[in-house]
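Quick note on labels: first sequence line is chain A, next is B, and so on, each numbered from 1. Note that the coordinates shown come from a computational prediction; the quantities given were computed from them, not determined experimentally.
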Amino acid sequence: MDKLLKERRHRLNEFKDYLGKKPASKHVEIPDGIYTKCPQCEGLVLSSHIKENMYVCPKCGRHMYISGHERLEQLFDNGKYKEYWSSMKTNDPLDFPDYDLKLEKAKKRTGMNDGVIVASGRIGHIKTVVVVMDNHFMMASMGTVAGEKITRAIEYATRKKRPLIIFSSSGGARMQEGIFSLMQMGKTCAALKRHMNAGLLYISYLTHPTTGGVTASFALLGDINIAEPGALIGFAGPRVIESTLRQKLPEGFQRSEFLVEHGFVDLIVERNKSRETLITLLHLHS
Amino acid sequence: MDKLLKERRHRLNEFKDYLGKKPASKHVEIPDGIYTKCPQCEGLVLSSHIKENMYVCPKCGRHMYISGHERLEQLFDNGKYKEYWSSMKTNDPLDFPDYDLKLEKAKKRTGMNDGVIVASGRIGHIKTVVVVMDNHFMMASMGTVAGEKITRAIEYATRKKRPLIIFSSSGGARMQEGIFSLMQMGKTCAALKRHMNAGLLYISYLTHPTTGGVTASFALLGDINIAEPGALIGFAGPRVIESTLRQKLPEGFQRSEFLVEHGFVDLIVERNKSRETLITLLHLHS
Amino acid sequence: MSLKEKEKKIKELEEKLQRIKNDPDLIDAVEGKRIEDTITRYKEHTYSSLSAYDRVYLARKSERPHIKEYIANLFDDFIEMHGDRFFKDDQAIVGGIGYFNHLPVTVIGHQKGRNLDDNMKCQFGMASPDGYRKAMRLIKQAEKFNRPIITFVDTPGAYPGIEAEENGIGEAIGQSLMLLSDVTVPVIVFVVGEGGSGGALAISIGDHIAMLENAVYSVLSPEGFASILWKDTKGERVGEACEVMKMTAKDLYEAHIIDEIIPEALGGVHKDPALTYRKIRQVITEQLDALVRVSKKDLLNRRYAKFRKIGDYRG
Amino acid sequence: MSLKEKEKKIKELEEKLQRIKNDPDLIDAVEGKRIEDTITRYKEHTYSSLSAYDRVYLARKSERPHIKEYIANLFDDFIEMHGDRFFKDDQAIVGGIGYFNHLPVTVIGHQKGRNLDDNMKCQFGMASPDGYRKAMRLIKQAEKFNRPIITFVDTPGAYPGIEAEENGIGEAIGQSLMLLSDVTVPVIVFVVGEGGSGGALAISIGDHIAMLENAVYSVLSPEGFASILWKDTKGERVGEACEVMKMTAKDLYEAHIIDEIIPEALGGVHKDPALTYRKIRQVITEQLDALVRVSKKDLLNRRYAKFRKIGDYRG
Ligand SMILES: [Zn+2]
Ligand SMILES: [Zn+2]
């Protein structure tokens, strides 16, 4: 048992490494007017071009980080939407050391109070509730604020009989809120069941990276699951698994294409086809 | 494509071999008063002992053929049950050459008009509808008579709000009735759905061998699936698969234990525990 | 002469005629017309007296339209959905959502490949449990959103393999039969090629079953049938099996197993797919028009009765 | 001194006392009693001042009763059911039907092994998707037959492996959460050992959540927590993590995450399991008595509200 624990500790350490360092897309800063190096093909592209191209590398198609609000602007008709509950903040239920400082830093960096944005507006004329997880805010990990906002978004969609789209991207449950974070998984899924029972459409849109407690709650439960190309989607992080099994993982493990092959994602949609595809799907279900 | 067809032909030929020769238990005749050689351990056992032991080899536990009526006698309280629709006969819908002769022969051998027996009575005081497939009648293959009798049994159970137990054993669809046999799969499953919708218990009891169209219709759809030890249960016959793949099949492939391991059978119950287990289950659901 | 040989002869004649036509020295218009008429008469004769065995040959022709062509020609804005949410995305079954006219429908069908590569990917249209579980997921989704379901059947049968057995191919087919028998939306079935065994039946429980003129539908392939019942391993009695099995659209229509026969062009649907698409379109229009008016309860009761009555027994 | 070391010391003292007692030359009755009292006081002191870290140590003790012991001691005529009907029978989850008093109930729980062989079979209680899908099958069955569900939670977390990811461990946990949140029969949850992460939560959505005195329940193991948040790879801050995570029964009761704490014998449930079984039996009796009176609608609304309200935010 001790050995197991040691191993587990080791694994989780690696997981931390992964969470802290991996998502290369997170660190691609795109200042206007200069060149940006694509983390995949290493090509140099004018930053303004990348932005125009919805943060997809025009050379290799790599889907890089796009902020939540930019995504919403590109998605809604005329870029217009209403945001909800943006001022919600956590009460830090565990009174966790230095958590307030971390939150403050994330807020300064992103201008948001949490990594979850809830929006409502029209997409192809159809009133739709949209949730976006912006992983520039503490990896968009799910604490009580994320859980509450997502739950309210789902309940709002159910009440108004509207379709729901959730763009997932998350490091999983927010450690600093402990068990309260874990419980958000149950809370969001319970709300989702009521949305489903009402015969309403839920499209889960998985983006890079979606792991842990978000993967294991609402992210794979869509009537339709869509993924962006090459996104990492899994429960346990690849390094955790690799170090547990002490063997190389198969090529493309836990990437969008792998999830299609294994039956968990319906379709992979490139970002520039996103709005068009969603409009078709919303209309097919309206 | 020609090669595929040739291969398919070859496979099916092997399947026929299997259907015609394999089920060793089928050919173990047990005349009273003399010794019988167990097809598994090859031990010699007094035939009367085997009969007393419900046709289970006392040396190695091999479950041999037991006639439908003997099974029913051992199952119902005081061995008492009412049989239904025993006089039903096929009209030979394809007017198939020599089918009438085959039926006549099977009837002479078994005293039955078809391999399916429908019975009703009390098991542990609980009124229960029971179907037994007796493979001494043309491998208990499912033609229009079997399909109709099973459907009526299910409908009767639904109407009377009674639990249903089906002891499967079959070579699959009855070839001589062509498409009419195939359609019995849909018919029985449709009836089963209504039994299920009524919140009633269906126990599927799989015995050696259960293959083809019976495996692919009602046999694996039980609320609880029970199998006798060592029974062959599969859709395609093992020889068909072996000759398609040109490789040895894994040890124990398609046997009861294999089905438990792969998640399709709840429990393996030895024949002498059969009545006791069913009584417990019926009571738990009454 | 087998249909295959006759078709070869027709092809040769047509090529000869083409050569003659292109050479003004060799022929005048009248003679050309006479040769052409002869060919036409021969074709008409050939295809108006097809044996059941000939139909099997036509039904299996790889030139016939496959599911993706039916989808492209009958539905708009089709989006294919993937995966069973358990294990795999089986390419032997294709499914998705699209518009028929302006009505959203769910489309599900077997997929055969045209070349060896495709054949391997979709296992010659022989689906595994994951294929039927994908179909079931889409059927439940259709029910949730009250979308009619249209299926296209074209398979030699379910896949016979180790993994298919491990993952419960029998259970998957049984579940599919049970689910379709009770799904509260209209289900329209088209048997467009080979309707083989339980693998075909699994997506063929519906309110209206139509079959293409040269399609076949049977409990087992005629080769398997001859082999099992007559120990015919050399394929000598396959033709006889085709006849005795009553597996053609006409036989099945007469036996009240199917509801309608969809005409094909002379020589098979692939000679003029548009003709058949038009007819299929008409059938879907008529059927949806009628079926969407029926209450859910009546729909289920009628579907139940439709399969319930199939049998031929006495006593 | 860690609890492990203290327990070692207690064991040594008790063995010594035993040796002394068995040798009449060495001791008189009075002195024996005095030594015994000293040991008892030391034990009482030790176990009445347990740190969160100590609880984690106790919660993971392999001597604690496992699911099969709970089943054997609380239910009659239990029949274990196997398999998910898709892929496998995962030994990390045990489920079946039995009587509680005379009421049929469905019992589901994680299974840890006691020896290495068992550990391997049931992956130390870390379930794969097939385990959660087996649980879901039994939950739906319980709903069909209107049977209350009782779960026993004891897992370090879901299994982190290639096959588990391939087969959708995340999807399976999510589905399980969704299903339990809406199942129309009473669900009573007992966290009896380690309640680790999503793998524990997946079968912990219920109407009444009870936790054994020394059980723990957390978003992640304290080792993982310290490692992720404090980059503590040597386990130096695990004790601190245990405190800050608020993972003990008492912490969770105060945070209104759980509804009740079930007492354990001094030194842990394994020292006197009967005491804890009696208490669990009493909780089930009381809860079933109350819950079966509630209408299905109210049951679901209350369960929804129970989880809905968990959070701590402003604005
Ligand atoms: Zn690039
Ligand atoms: Zn023997």
Checklist outcome for this item: Output for pair (A/Glu177 CD, D/Lys246 NZ), nearest 0.5 Å, gives 11.5 Å
Item to check | D/Val219 and A/Arg174, any side-chain heavy atoms less than 4.5 Å apart | outcome: no
Checklist entry - Side chain, backbone, both or neither: which part of A/Glu261 has a non-hydrogen atom closer than 4.5 Å to chain D? => result neither
Checklist entry - Taking C-beta and beyond as the side chain, do A/Phe235 and D/Glu171 meet within less than 4.5 Å on heavy atoms? => result no
Checklist entry - Side chain, backbone, both or neither: which part of A/Arg194 has a non-hydrogen atom closer than 4.5 Å to chain D? => result side chain
Checklist entry - Measuring heavy-atom distances to chain D, does A/Asn197 have an atom under 4.5 Å in its side chain, in its backbone, in both, or in neither? => result side chain
Checklist entry - In Å, rounded to the nearest 0.5 Å, how long is the span from CE of A/Met183 to CZ of D/Phe307? => result 6.0 Å
Checklist entry - For D/Gly170, does its backbone N or O pair with a side-chain atom of A/Thr215 as donor and acceptor, under 3.5 Å? => result no
Checklist entry - Does atom CD of A/Gln247 have more than 12 heavy-atom neighbours, drawn from other residues, nucleotides or ligands, at distances under 6.0 Å? => result yes
Checklist entry - Once you round to the nearest 0.5 Å, how far does CD1 of D/Ile173 lie from CG of A/Leu220? => result 10.5 Å
Item to check | Structural part of D/Ile205 lying under 4.5 Å from a heavy atom of chain A | outcome: side chain
Checklist entry - More than 12 non-hydrogen atoms from neighbouring residues, nucleotides or ligands closer than 6.0 Å to NZ on D/Lys8, yes or no? => result no
Next on the checklist: Please classify the contact between D/Ile257 and chain A as side chain, backbone, both or neither, with a heavy-atom cut-off of under 4.5 Å.
Outcome noted: side chain
Item to check | Heavy-atom contact with chain D under 4.5 Å, split by part of A/Glu242 | outcome: neither
Checklist entry - Would you say the side chain of D/Arg314 lies within less than 4.5 Å of the side chain of A/Met88, judging by non-hydrogen atoms? => result no
Next on the checklist: Taking every non-hydrogen pair under 4.5 Å, which of D/Asp251, D/Leu177, D/Leu116 racks up the most with chain A?
Outcome noted: D/Leu177
Item to check | A/Glu148/D/Lys309 salt bridge by N-O under 4.0 Å criterion | outcome: no
Item to check | chain D neighbours within residues 185-193 of chain A, where any heavy atom lies under 4.5 Å away | outcome: A/Met185, A/Gly186, A/Lys187, A/Cys189, A/Ala190, A/Ala191, A/Leu192, A/Lys193
Checklist entry - Of the listed residues (D/Gly174, D/Ala164, D/Ala172, D/Ser176), which shares the most heavy-atom pairs with chain A below a 4.5 Å separation? => result D/Gly174
Next on the checklist: So for A/Phe253, is it side chain, backbone, both, or neither that comes closer than 4.5 Å to the heavy atoms of chain D?
Outcome noted: side chain
Item to check | Min side-chain heavy-atom separation A/Leu182-D/Tyr217 under 4.5 Å | outcome: yes
Checklist entry - Parallel, tilted or perpendicular: which fits the ring planes of A/Phe96 and D/Trp230, with parallel below 30° and perpendicular above 60°? => result parallel
Item to check | Minimum heavy-atom distance A/Pro250-D/Ile162, with the two atoms named | outcome: CD-CD1, 3.8 Å
Checklist entry - Any donor and acceptor pair, going by atom type alone, linking the side chain of D/Gln175 with main-chain N or O of A/Ser217 inside 3.5 Å? => result no
Next on the checklist: Using a 6.0 Å cut-off, check whether atom OH of A/Tyr156 has over 12 heavy atoms from anything other than its own residue.
Outcome noted: yes
Checklist entry - Which distance, rounded to the nearest 0.5 Å, do you find between the OH of D/Tyr313 and the CH2 of A/Trp85? => result 10.5 Å
Next on the checklist: So which residue, A/Asn91, A/Ile179, A/Leu259, A/Thr90, ends up with the most heavy-atom pairs under 4.5 Å with chain D?
Outcome noted: A/Asn91
Item to check | Heavy-atom pairs under 4.5 Å with chain D, option from A/Val145, A/Ile233, A/Thr151, A/Leu249 with the top count | outcome: A/Thr151
Next on the checklist: So which residue, D/Ala158, D/Ala202, D/Gly315, ends up with the most heavy-atom pairs under 4.5 Å with chain A?
Outcome noted: D/Gly315
Checklist entry - Distance from A/Ser181 atom OG to D/Ile310 atom CD1, nearest 0.5 Å? => result 11.5 Å
Next on the checklist: Within a 6.0 Å radius of atom NZ on D/Lys144, are there more than 12 heavy atoms belonging to other residues, nucleotides or ligands?
Outcome noted: yes
Next on the checklist: Taking the side chain as everything from C-beta on, heavy atoms only, tell me whether A/Pro97 gets closer than 4.5 Å to D/Val244.
Outcome noted: yes
Next on the checklist: Using heavy-atom distances under 4.5 Å, tell me whether D/Met178 contacts chain A through its side chain, its backbone, both, or neither.
Outcome noted: both
Checklist entry - Measuring from A/His262:NE2 to D/Asn167:CG, what's the distance to the nearest 0.5 Å? => result 8.0 Å
Checklist entry - Tell me, side chain or backbone of D/Leu252 under 4.5 Å from chain A's heavy atoms, or both, or neither? => result side chain
Checklist entry - Does atom OH of A/Tyr99 have more than 12 heavy-atom neighbours from other groups under 6.0 Å away? => result yes
